[in-house]
Amino acid sequence: MLSFLSARQSGLEDPLRLRRAQSTRRVLGLELNKDRDVERIHGSGVNTLDIEPVEGRYMLSGGSDGVVVLYDLENASRQPHYTCKAVCSVGRSHPDVHKYSVETVQWYPHDTGMFTSSSFDKTLKVWDTNTLQAADVFNFEETVYSHHMSPAATKHCLVAVGTRGPKVQLCDLKSGSCSHILQGHRQEILAVSWSPRHDYILATASADSRVKLWDVRRASGCLLTLDQHNGKKSQAAESANTAHNGKVNGLCFTSDGLHLLTIGTDNRMRLWNSSSGDNTLVNYGKVCNDSRKGLQFAVSCGCSSEFVFVPHGSTIAVYAVHSGEWLAMLKGHYKSVDCCVFQPNFQELYSGSRDCNILAWVPPSYEPVPDDDDEAPAKSQLNPAFADAWSSSDEDG
């Protein structure tokens, strides 16, 4: 570390390389923080979490009880042991509360003054954070499973909505109406996600075993249907043009938007090239997934090699995205975990479970300093995920 700092100070090392190497070490050391509690508000399971990208300070949670809670993650007391307090909540007594389970919450990507929530009560609600009133409500004919606003878009304010029907609906926040519909799936849409790299590229996952990439500007809409066999199987085969051999209920782009991760009820996770649609064939082994609805998992950001955090029963499995290596299992919940969200500023992870708790996973507060007499560990003993894969060419894209 000292040689790294010295090389950085003298201009021999790129500052990004040091930051990424340190972020990688911190993520690999994630552990349950016993000194930080998140105030328990939900009376039933926590389905969804989101941390606003502007400051990284405020977190939303949505529960099976229909309640939406806003937390302040900052340690205002400066004490070693503290509780992340709920700033406010849309509780059961609120006039605009969701009638049934909240499946997705999301902050407006550019401003903490607004957030959205969708529910099994067939509505998507747009909230004014300051007044905690519903500024707009979109009603649908079917149960809503998932919604997402683009983190990159500057030319549109479209919210993609996945429902129990086979059509993907796009709602325009500017006009307050459903602007258009994307048709192509055969069963319910369990997950939707906009690309963080391109304004108009949308990924959708369905119970029909298919994942589709769309350019919402095109009349035909669909760009690609992801094929787990990369076109090497007969079109007559049952699994042709399918991403998984079961329902696909989880989607997540990597932070650079170059790859897409999908999870299915076939207990498999797959990594796709988001430009070509090719299955990269990374083997993650068996990734247990018994969720009957959308599964919210998370990908790290700013590390030398990125990591993915996947709910795995009452635990969270950590994998290296590009190698498929299983690295850790985070244990702390005592019922199934349904969602997790990564906080890139401090390399922290938050998870929500059916045990009604939200847990914080943080890097170790200190690293043990080896004695001078101790021999340095052999290179073969080091976890390969610690290796710095950075090169200057990575920054060109």
J.: Do Glu31 and Pro364 have side chains that get closer than 4.5 Å, going by heavy atoms?
T.: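 With C-beta onward as the side chain, the pair touches.
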
J.: Would you say the side chain of Leu73 lies within less than 4.5 Å of the side chain of Ile51, judging by non-hydrogen atoms?
T.: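 A side-chain contact under 4.5 Å exists here.
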
J.: Between the side chain of Asn249 and the main-chain N/O of Ser291, is any donor-acceptor distance below 3.5 Å?
T.: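 The answer is yes, because a donor-acceptor pair under 3.5 Å joins these two groups.
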
J.: How many angstroms lie between CG in Asp72 and OH in Tyr58, if you round to the nearest 0.5 Å?
T.: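 That separation rounds to 5.0 Å.
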
J.: Please list, chain by chain and in numerical order, all residues satisfying salt bridge (charged side-chain N to carboxylate O under 4.0 Å, His left out) with Glu142, sequence neighbours excluded.
T.: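 Residues passing salt bridge (charged side-chain N to carboxylate O under 4.0 Å, His left out) with Glu142: none at all.
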
J.: In sequence, state the C-alpha distance, the side-chain angles, and the governing distance for Leu261 and Tyr284, and then conclude on side-chain contact (heavy atoms from CB on, under 4.5 Å).
T.: CA-CA 11 Å; Leu261 282 155; Tyr284 298 96; 3.5 Å; yes

J.: Do Thr129 and Trp107 come close enough that some side-chain heavy atom pair is under 4.5 Å?
T.: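 They are in side-chain contact.
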
J.: Spell out, as yes or no, whether a donor-acceptor pair under 3.5 Å connects the side chain of Thr104 to the backbone of Ser118.
T.: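 No, Thr104 side chain to Ser118 backbone: no donor-acceptor pair under 3.5 Å.
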
J.: Looking at Arg197 and Asp256, is there a salt bridge between them, counting it only when a charged N and a carboxylate O are closer than 4.0 Å?
T.: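 Between Arg197 and Asp256 there is no salt bridge, as every charged N stays at least 4.0 Å from the carboxylate O atoms.
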
J.: Answer with yes or no whether the hydrophobic clustering places Tyr71 together with Val67; edges join I, L, V, M, F, W, Y residues whose side-chain heavy atoms lie under 4.5 Å apart.
T.: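 They do share one cluster, since a chain of ILVMFWY contacts under 4.5 Å joins Tyr71 to Val67.
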
J.: Can you confirm whether more than 12 heavy atoms, excluding those of Phe140, are under 6.0 Å from its CZ atom?
T.: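 Yes - once you tally the heavy atoms of other residues, nucleotides and ligands closer than 6.0 Å, there are more than 12.
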
J.: Given side chains that start at C-beta, do those of Val159 and Phe138 come closer than 4.5 Å, heavy atoms only?
T.: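 The answer is no, as the side chains (C-beta and beyond) never meet within the 4.5 Å cut-off.
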
J.: Is a donor on one side and an acceptor on the other found under 3.5 Å between the side chain of Thr280 and the backbone of Leu271?
T.: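 The answer is yes, because a donor-acceptor pair under 3.5 Å joins these two groups.
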
J.: Could you walk me through whether His98 and Thr123 satisfy the side chain to side chain donor-acceptor pair (under 3.5 Å) test, starting with their C-alpha distance in whole Å, then the side-chain angles of each, then the deciding distance to 0.1 Å, before giving a yes or no?
T.: CA-CA 8 Å; His98 284 288; Thr123 65; 3.3 Å; yes

J.: Just wondering, do Arg186 and Pro166 contact through their side chains at under 4.5 Å, heavy atoms?
T.: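 Not in contact.
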
J.: Hey, what do you get for CZ (Arg20) to CZ (Arg25), rounding to the nearest 0.5 Å?
T.: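 These two atoms lie 14.5 Å from each other.
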
J.: To the nearest 0.5 Å, tell me how far Ser314 OG sits from Lys331 NZ.
T.: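 That separation rounds to 8.5 Å.
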
J.: As a quick check of understanding, evaluate side chain to side chain donor-acceptor pair (under 3.5 Å) for His244 and Arg268, giving each step before the final call.
T.: CA-CA 8 Å; His244 289 265; Arg268 289 289 179 264; over 6 Å; no

J.: Classify the angle between the aromatic ring planes of Tyr145 and Phe120 as parallel (below 30°), tilted (30 to 60°) or perpendicular (above 60°).
T.: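 Judged by the thresholds at 30° and 60°, the geometry between Tyr145 and Phe120 is perpendicular.
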
J.: Thr204 and side-chain hydrogen bond (donor to acceptor under 3.5 Å, both in side chains): which single residue from His185, Arg210, Lys212 fits?
T.: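 Option passing the side-chain hydrogen bond (donor to acceptor under 3.5 Å, both in side chains) with Thr204: His185.
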
J.: Do Lys293 and Asn47 have side-chain heavy atoms sitting under 4.5 Å apart?
T.: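 In short, these two side chains touch, coming nearer than 4.5 Å.
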
J.: Without swapping roles, check the side chain of Gln296 against the backbone of Leu49 for a donor-acceptor pair under 3.5 Å.
T.: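 Yes, because the side chain of Gln296 sits within donor-acceptor range (under 3.5 Å) of the backbone of Leu49.
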
J.: So how far is it from Phe307 CZ to Leu28 CG, rounded to the nearest 0.5 Å?
T.: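 That separation rounds to 4.0 Å.
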
J.: Considering non-hydrogen atoms only, spot the tightest contact between Arg218 and Leu223 and give its length.
T.: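 Reported closest heavy-atom pair: NH1-CD2, 3.3 Å.
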
J.: Hey, does Leu32 have a side-chain heavy atom less than 4.5 Å from the side chain of Leu359?
T.: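 Result yes, sub-4.5 Å side-chain heavy-atom pair found.
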
J.: Any heavy-atom pair between the side chains of Ile358 and Val69 that's under 4.5 Å?
T.: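 Of all side-chain heavy-atom pairs linking Ile358 with Val69, none is under 4.5 Å.
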
J.: Using the side chain to side chain donor-acceptor pair (under 3.5 Å) rule, take Thr242 and Gln228 through it: C-alpha gap first, then chi angles, then the decisive distance, then the call.
T.: CA-CA 6 Å; Thr242 58; Gln228 60 183 306; 3.0 Å; yes

J.: For Phe309, what residues pass the ring pair (Phe, Tyr, Trp, His ring centres under 6.0 Å) criterion, not counting sequence neighbours?
T.: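 Result, ring pair (Phe, Tyr, Trp, His ring centres under 6.0 Å) vs Phe309: Phe342.
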
J.: His156 vs Trp194 aromatic rings, parallel, tilted or perpendicular, using cut-offs 30° and 60°?
T.: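 His156 and Trp194: tilted rings.
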
J.: Would you confirm whether Thr24, through its side chain, and Cys303, through its main-chain N or O, come within 3.5 Å as a donor-acceptor pair?
T.: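 Between the backbone of Cys303 and the side chain of Thr24 there is no qualifying donor-acceptor contact (under 3.5 Å).
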
J.: Using the side chain to side chain contact (heavy atoms under 4.5 Å, CB included) rule, pick out the option among Leu190, Thr143, Ile189 that qualifies with Arg164.
T.: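 One option only clears the test, and that one is Thr143.
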
J.: Taking only residues two or more places apart in sequence, or in another chain, which ones meet Arg217 in a salt bridge (charged side-chain N to carboxylate O under 4.0 Å, His left out)?
T.: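 Scan of Arg217 (salt bridge (charged side-chain N to carboxylate O under 4.0 Å, His left out), adjacent residues dropped) gives Asp215.
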
J.: Working note: Val46 + Cys339, criterion side-chain contact (heavy atoms from CB on, under 4.5 Å); need CA distance, chi angles, decisive distance, verdict.
T.: CA-CA 8 Å; Val46 180; Cys339 57; 4.2 Å; yes

J.: In the single-linkage hydrophobic clustering (I, L, V, M, F, W, Y; side-chain heavy atoms under 4.5 Å), do Val337 and Phe297 co-cluster?
T.: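 Hydrophobic grouping puts Val337 apart from Phe297.
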
J.: For Glu52 and Arg57, indicate whether the former's side chain and the latter's backbone hold a donor-acceptor pair under 3.5 Å.
T.: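 Side chain of Glu52 to backbone of Arg57: a pair is present.
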
J.: Is Ser353 reaching over with its side chain to a backbone N or O of Ser336, donor-acceptor style, under 3.5 angstrom?
T.: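 Present.
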
J.: Over all heavy atoms of both residues, which pair between Asn283 and Gly285 is shortest? Give the atoms and the distance, please.
T.: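 Taking every non-hydrogen atom into account, OD1-N, 2.9 Å.
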
J.: Go through it in stages, so that I can follow the logic: the residues are Asn357 and Val38, the test is side-chain contact (heavy atoms from CB on, under 4.5 Å), and I'd like the CA-CA distance, side-chain angles, deciding distance and then a yes or no.
T.: CA-CA 8 Å; Asn357 292 314; Val38 180; over 6 Å; no

J.: How about OH on Tyr82, more than 12 heavy atoms from neighbouring residues, nucleotides or ligands closer than 6.0 Å, or not?
T.: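 Result for OH/Tyr82: enclosed.
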
J.: Please find out if less than 6.0 Å separates the ring center of Tyr200 from that of His198.
T.: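 Ring centres of His198 and Tyr200 not closer than 6.0 Å.
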
J.: Give me the one residue out of Glu348, Gln343, Gln347 that meets side chain to side chain contact (heavy atoms under 4.5 Å, CB included) with Val362.
T.: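 Exactly one candidate clears the test, Glu348.
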
J.: Tell me whether Asn289 contacts the main-chain N or O of Gly264 through its side chain, where contact means a donor paired with an acceptor under 3.5 Å.
T.: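 It does hold such a pair.
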
J.: If we check side chain to side chain contact (heavy atoms under 4.5 Å, CB included) with Leu260, which of these qualifies: Val211, Ile201, Thr254?
T.: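 Output: one option passes, namely Val211.
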
J.: Could you pull out the closest heavy-atom pair between Ser117 and Val68, with the gap in Å?
T.: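 Heavy atoms of Ser117 and Val68 come nearest at CB-CG2, 4.2 Å.
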
J.: If you compare all heavy atoms of Pro311 against all heavy atoms of Cys340, which two are closest, and at what distance to 0.1 Å?
T.: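 The pair with the smallest heavy-atom distance is CD-SG, 4.1 Å.
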
J.: What's the spacing between Asp50 CG and Phe115 CZ if we round to 0.5 Å?
T.: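 Here the rounded value is 11.0 Å.
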
J.: Could you check whether any side-chain N or O of Ser193 sits under 3.5 Å from a backbone N or O of Cys252, counting only pairs where one atom can act as donor and the other as acceptor?
T.: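 No, Ser193 side chain to Cys252 backbone: no donor-acceptor pair under 3.5 Å.
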
J.: Same cluster or not: are Leu158 and Leu182 linked, directly or through other Ile, Leu, Val, Met, Phe, Trp or Tyr residues, by side-chain heavy atoms under 4.5 angstrom apart?
T.: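 Yes; tracing contacts between hydrophobic side chains, which count when under 4.5 Å, links both residues.
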
J.: Evaluate side-chain contact (heavy atoms from CB on, under 4.5 Å) for Tyr100 paired with Val144, printing each intermediate quantity in order.
T.: CA-CA 11 Å; Tyr100 305 123; Val144 180; over 6 Å; no

J.: Measuring from Arg17:CZ to Gln22:CD, what's the distance to the nearest 0.5 Å?
T.: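 Going from the CZ atom of Arg17 to the CD atom of Gln22 covers 14.0 Å.
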
J.: Keeping the roles fixed (side chain from Glu39, backbone from Ala86), state whether a donor-acceptor pair exists under 3.5 Å.
T.: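 Flag set: sc Glu39 to bb Ala86 pair under 3.5 Å.
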
J.: Would you sort out whether Thr265 and Asn267 count as a side chain to side chain donor-acceptor pair (under 3.5 Å), showing the intermediate values?
T.: CA-CA 5 Å; Thr265 56; Asn267 294 328; over 6 Å; no

